Amino acid sequence: MPANQENHFYQRLQAAHQIPIGIIGPKRLVEQILRVIETFPSFEAVPRVFEDAAEASMLAERLASETEVLLLSDPLSHRKVKENPRVTVPAHYVPLTDAGLYKALFAAHQRGLLDRGISVDTLTETMVRRACRDLGMTDERWNVYDGPVYASPDKLIAFHQAGFESGGCSVVFTGQQAVAQRLEERGIPSEWLLPSDQDIVVALERALLSTETRRSKESQIVVGMINVDHFERVAMQRSNEHEVQKLKLDIHRMVLDYVESLDGFLAHQGGDEYLFFTTRGIFERESGGYKTIPLAKDVNTTHGISLSIGIGFGRSASLAGTHARTAMRKAKEAGGNACFIVREDETLIGPLEMADPVREVLSFTDAELMKHAVDAGMTSAYLSRLLHNRAKYGQTDYKVHELASLLGITVRSAHRLLLQWIDHGLVAIAGMEKVPRGRPRQIFRFICLDRTSPEAGDAPD
């Protein structure tokens, strides 16, 4: 595949059917938000960096026509955006809590700057007192700015400078980068208070709930299929039929409790398969944003049993059911103990974390990518196993014998498929491994699964 076509292919893969969110702030905070937003599969980030908070209003106005919601890095830039009547989309900002103060206090301690009091803005006195008490700094003095969190840099600088010159503090903690920089230039030690990842998660959740797309999807139908992996084998390990029936009842009760937590409806399909219905908003919250299935962990911990789960989204019950069956097939093809989601646009999310820890939950896989893979000779079963391995172990690089083992094929067949996939732009040669004897072994990278590649972008869905 030519480079320009490959770039376009990955751009379409990342951008399709996501909610565009404008991210506005200084470079360091924008980068932190982009890292956290990877755990929000519904968002497509549109980042904009400013040097001064005064630029936020202009950047927001430009983004208003191409995004559904805006996330500002701090209260001051958010205030400036809210004052612009031409910005009509919802705007939120990342709140700063005392979680950011702990790290800043530690940094100041390492610099030997806590010999006197501290001067703090953006946070409340209650937050400052709690953090200092937790760190055993009850004898320390603190001076907290009691004005609005969106105060101008000039007001904050004047406040902190007065405290420093009077001997009331030896270090300043500020929520504005510009204030920290200007104070340092004046010889006043300062630490920039940064939000924690959890602060950013809270802000992103609020932003998501305010979007029109999200509100319309909250009540969308979700169909789920649950299958107990290798139940016959598990049943054979029980001493008698009475124990088998007790196991079935235990599993049924656990599935029923899980579906109840989803406010859903459960139907036992007979044998070892269950069908349930719920709504998308509830399922997303209970799965932590499509990250984990607590039922799978509970069943595995209690009975040592794994589950295969298929989840289908759709604009009708029929379509959602069809997608759930497709997702179930993906889970089985991955070897079981997996959950996949097929969305209304036929894109694929998965695997979600089950009984075994998942190193990285994958972003959605575009329907066009799946079609492209199939056209290149990569069957649905092969793609499912590669996706599963990518999420559990973060693996995208394989030697030919490793790939053959994963896919359950001969080394010769693996060689043939790799050449075919290279020709179609799904795989590239990443390097060579030297061995004590014989020729070096090639290492093959599945670039179609590598989210960290430049083509794949930094903000997956």
Side-chain angles (χ1 to χ4, degrees), residues 222-259 261-262 264 266-278 283 286-288 290-312 321-342 348-362 365 379-393 395 405-409:
V222 170
V223 175
M225 293 182 177
I226 302 172
N227 184 267
V228 181
D229 293 330
H230 313 298
F231 181 79
E232 297 82 1
R233 186 188 308 166
V234 175
M236 290 293 291
Q237 298 172 359
R238 295 302 189 267
S239 59
N240 53 55
E241 181 62 20
H242 180 71
E243 293 296 323
V244 174
Q245 293 303 320
K246 281 180 62 178
L247 176 62
K248 288 183 177 180
L249 286 174
D250 284 347
I251 294 173
H252 185 93
R253 176 184 53 79
M254 297 179 78
V255 173
L256 187 63
D257 288 345
Y258 174 66
V259 174
S261 73
L262 297 174
L266 177 68
H268 187 195
Q269 299 296 93
D272 51 8
E273 187 164 289
Y274 298 84
L275 181 72
F276 69 86
F277 300 85
T278 185
F283 177 76
E286 290 298 319
S287 63
Y290 315 144
K291 297 181 185 70
T292 183
I293 301 292
L295 170 66
K297 292 183 178 180
D298 293 344
V299 172
N300 184 265
T301 301
T302 306
H303 298 292
I305 293 173
S306 67
L307 302 176
S308 292
I309 301 177
I311 305 295
T322 300
H323 290 163
R325 181 62 67 184
T326 301
M328 172 62 80
R329 186 174 69 249
K330 299 289 182 188
K332 288 295 186 182
E333 289 171 349
N337 190 27
C339 175
F340 283 90
I341 300 172
V342 175
L348 180 71
I349 300 175
L352 280 66
E353 183 174 334
M354 302 287 280
D356 297 331
V358 173
R359 171 175 171 174
E360 183 176 4
V361 178
L362 289 185
T365 305
T379 67
S380 177
Y382 294 165
L383 182 58
S384 295
R385 292 188 181 188
L386 287 163
L387 286 169
H388 193 256
N389 229 37
R390 172 70 169 90
K392 289 187 71 173
Y393 307 113
Q395 185 172 1
S405 176
L406 175 67
L407 302 183
I409 57 178

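This structure is a prediction, so every number in the text was calculated from the model and none was measured.
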Q: Check the side chains of D229 and S306 for a donor-acceptor pair under 3.5 angstrom, ignoring hydrogens and angles.
A: yes
Should the pair [X]-[Y] be classified as a salt bridge under the 4.0 Å nitrogen-to-oxygen rule?
| X | Y | answer |
| --- | --- | --- |
| D272 | K248 | no |
| D257 | R253 | yes |
| E273 | R325 | yes |

Query raised in the report: So, S308 side chain and A338 main chain: donor-acceptor pair closer than 3.5 Å or not?
Result: no
Next on the checklist: Determine whether a donor-acceptor pair (N or O, by modelled atom type, separation under 3.5 Å) exists between the side chain of T301 and the backbone of D298.
Outcome noted: no
Scanning both residues in full, the closest heavy-atom pair of F231 with L247 reads CE1-CD2, 3.8 Å
Would you say the side chain of [Y] lies within less than 4.5 Å of the side chain of [X], judging by non-hydrogen atoms?
| X | Y | value |
| --- | --- | --- |
| L348 | I341 | no |
| I309 | M328 | no |
| F276 | L256 | no |
| I311 | F340 | no |
| L266 | Y258 | no |
| V255 | L295 | yes |
| I305 | V228 | yes |
| N337 | N300 | no |

Applying side-chain hydrogen bond (donor to acceptor under 3.5 Å, both in side chains) to Q269 and not counting sequence neighbours gives none
With sequence neighbours left out, the residues meeting side-chain hydrogen bond (donor to acceptor under 3.5 Å, both in side chains) with E232 are none
Could you give the distance from [atom1] ([X]) to [atom2] ([Y]), rounded to the nearest 0.5 Å?
| X | Y | atom1 | atom2 | answer |
| --- | --- | --- | --- | --- |
| K330 | I349 | NZ | CD1 | 14.0 Å |
| Y274 | N227 | OH | CG | 10.0 Å |
| D250 | T302 | CG | OG1 | 8.5 Å |
| M254 | L307 | CE | CG | 9.0 Å |
| E286 | T278 | CD | OG1 | 8.5 Å |

